[in-house]
Amino acid sequence: SVGFLLVLMYFSMGHMMWGWPLPKWFDGNHVAMGLVQLLLAGIIMVINQKFFISGFKSLWHRSPNMDTLVALGSMASFLWSVYALFAMTRAQVDGDSAAVMNYMMDFYFESAAMILTLITVGKMLEARSKGKTTDALKSLMKLAPKTAVVVRNGQELTDGKEQEVSIDQVRRGDQFVVRPGENIPVDGVILEGTTAVNESALTGESIPVDKEAGDMVSAATVNQSGFIKCEATRVGEDTTLSQIIKMVSDAAATKAPIAKIADRVSGIFVPAVITIAIVTTIIWLLTGHEFGYALARGISVLVISCPCALGLATPVAIMVGNGMGARNGILFKTAVSLEEAGKVQIVALDKT
């Protein structure tokens, strides 16, 4: 979109604002200039057709959203410009050079393309921020080992002998062994042995915690000093680590109070903006201005009002906040907790 927009801006504004040279073929050929702008703007509109599909579909269902403003503003600019181009061809045939130049000023192809391109760039930045949140979750998932050494009586395994199996094959009640330096594969209780376990990945506790028979151990923590034999108590999605991962992803999906306010505001805001844009156009017409001039002012209302910062920035801020927290070992149970954290004035910490 940006690539096509730059070419479009060169042809539509470059020669007028900065005197940039155009191919000789375009000298006095205003219809050709209009056709080039029509083609380039059309390509950008096809690339960003999702705005029109979403915007007009929501308008049809009488629940207009931010995409509706983008779609209306861009479509109105484009259609009026197409009309001006056809009117220009008539004026050219009639030899009315003044009318041709007048219609040239009524081209808003670059406005239609600019709206779509800027919003697309904003959406891309939003997607990147969400991607960073996902990266934080992936780094949590990497903490979990992929295999476990189990001692299980049954047909699949040789009775009473150790065998390495995939982590998803470990069942509750299975006995597994962990040697020094290995990660504990699932949550369990120690049956035999004593050791020190590094639990910093889960608790932030920097000093290894001494463990003996009867003590609980958690998946993704590191057995540092002794050989231990344990019984699996929580496996798969029930482990402490899995619950933390679920909590972080759920927090990214929940809505903070301010996001709910944004939704409510959008429901009133979008119809209000459309109404103001129509009223603006009518007022300029009543004051004796041409339709093109009046329409440009109405389109300006639509474009300037969108995107609404509440509708775009709030969800991104929540996503980025959760992602930054997860990367730094701070986990939010819900988006409400994240918003409340901004009001904290005193923090009490224990030794860790």
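No donor-acceptor pair closer than 3.5 Å links the side chain of Thr239 to the backbone N or O of Val235. Within the 3.5 Å criterion, the main-chain N or O of Asp238 finds no donor-acceptor partner in the side chain of Ser242. With hydrogens and angles disregarded, no donor-acceptor distance shorter than 3.5 Å links the side chain of Glu339 to the backbone of Val336. For Ser54 (side chain) and Phe51 (main-chain N/O), no donor-acceptor pair under 3.5 Å exists by modelled atom type.
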Between side-chain atoms of residues 218-226 and protein atoms elsewhere (two or more places apart, or another chain), which donor-acceptor pairs fall under 3.5 Å?
{"residue": "Thr221", "atom": "OG1", "partner": "Ser218", "partner atom": "O", "Å": "2.6"}
{"residue": "Asn223", "atom": "OD1", "partner": "Thr195", "partner atom": "OG1", "Å": "2.4"}
{"residue": "Asn223", "atom": "ND2", "partner": "Val178", "partner atom": "O", "Å": "3.0"}
{"residue": "Asn223", "atom": "ND2", "partner": "Arg179", "partner atom": "O", "Å": "3.2"}
{"residue": "Asn223", "atom": "ND2", "partner": "Gly226", "partner atom": "O", "Å": "2.7"}
{"residue": "Ser225", "atom": "OG", "partner": "Thr195", "partner atom": "OG1", "Å": "3.4"}
{"residue": "Ser225", "atom": "OG", "partner": "Ala196", "partner atom": "N", "Å": "3.0"}

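A heavy-atom distance below 4.5 Å is found between the side chains of Phe52 and Leu116. Taking 4.5 Å as the limit, some side-chain heavy atom of Leu8 sits within range of a side-chain heavy atom of Gln37. The closest side-chain heavy-atom distance from Val149 to Phe176 is not below 4.5 Å. Side-chain contact between Lys146 and Ile167: absent, with no pair of heavy atoms (C-beta onward) separated by less than 4.5 Å. Side-chain contact between Met9 and Met114 is present, with heavy atoms from C-beta onward closer than 4.5 Å. Residues Phe78 and Leu38 are in side-chain contact: their nearest non-hydrogen atoms beyond the backbone lie under 4.5 Å apart. Considering only heavy atoms from C-beta on, Thr233 comes within 4.5 Å of Met216 through its side chain. Side-chain contact between Glu110 and Met13 is present, with at least one heavy-atom pair separated by less than 4.5 Å.
The existence of a salt bridge linking Glu199 and Lys211 is confirmed by a sub-4.0 Å separation between a basic side-chain nitrogen and an acidic carboxylate oxygen.
The 12-atom threshold is not exceeded at NZ of Lys57, counting heavy atoms of other residues, nucleotides or ligands nearer than 6.0 Å. Remark: Tyr83 OH is loosely packed, at most 12 non-hydrogen atoms of other residues, nucleotides or ligands lying under 6.0 Å away. For Phe4, the CZ atom is loosely surrounded, since the number of other residues' heavy atoms within 6.0 Å does not exceed 12. Heavy atoms of other residues, nucleotides or ligands lying less than 6.0 angstrom from CD of Glu290 number 12 at most.
Side-chain polar atoms of Glu205 and Ser200 form no donor-acceptor pair below 3.5 angstrom. Side-chain contact, Thr240 with Asp187: a donor N or O sits under 3.5 Å from an acceptor N or O. Side chains of Thr120 and Asn48: a donor on one and an acceptor on the other come within 3.5 Å.
Figure legend: cation-pi geometry between Arg90 and Phe86 absent, as NZ or CZ is not positioned both under 6.0 Å from the six-membered ring centre and within 45° of its axis.
Rounded to the nearest 0.5 angstrom, Ile44 CD1 and Ser1 OG are separated by 6.0 Å. In this structure, CD on Glu164 lies 3.5 Å from OG1 on Thr147, to the nearest 0.5 angstrom. Rounded to the nearest 0.5 Å, atoms CE (Met45) and CE (Met75) are 4.5 Å apart. Here the straight-line distance linking atom NE2 of His289 with atom CD1 of Ile283 works out to 12.5 Å at 0.5 Å rounding. Here CG of Leu285 is found 12.0 Å from OH of Tyr293. Values are rounded to the nearest 0.5 Å. Here CG of Asp215 is found 5.5 Å from CD1 of Ile190. Values are rounded to the nearest 0.5 Å.
Under the 4.5 Å side-chain contact rule for hydrophobic residues, Ile228 and Val189 do not share a cluster. Cluster membership check: Ile53 does not share its hydrophobic cluster with Phe56, using side-chain heavy-atom separations under 4.5 Å among Ile, Leu, Val, Met, Phe, Trp and Tyr.
Among residues two or more places apart in sequence or in another chain, the ring pair (Phe, Tyr, Trp, His ring centres under 6.0 Å) test is passed with Phe107 by Phe109.
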Stepwise side-chain contact (heavy atoms from CB on, under 4.5 Å) check, Met88 with Val31: CA-CA 7 Å; Met88 178 194 279; Val31 173; 4.0 Å; yes

For side-chain contact (heavy atoms from CB on, under 4.5 Å), just list the numbers for Ile184 and Val197, CA-CA rounded to whole Å, side-chain angles, deciding distance to a tenth of an Å, and then say yes or no. CA-CA 9 Å; Ile184 293 164; Val197 178; 4.1 Å; yes

Given Cys230 and Val217, is the side-chain contact (heavy atoms from CB on, under 4.5 Å) satisfied, shown in steps? CA-CA 9 Å; Cys230 311; Val217 288; 4.2 Å; yes

Take Phe227 and Val177 through the side-chain contact (heavy atoms from CB on, under 4.5 Å) test and state the conclusion after the steps. CA-CA 7 Å; Phe227 177 91; Val177 295; 3.8 Å; yes

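When every heavy atom of Val170 is checked against every heavy atom of Ala232, the shortest pair comes out as CG1-CB, 4.3 Å. Nearest heavy-atom pair, Pro145 versus Pro185, reported as atom, atom and distance to 0.1 Å: CG-CA, 3.4 Å. In this structure, Ala113 and Leu5 approach most closely via the heavy-atom pair CB-CD1, 3.8 Å.
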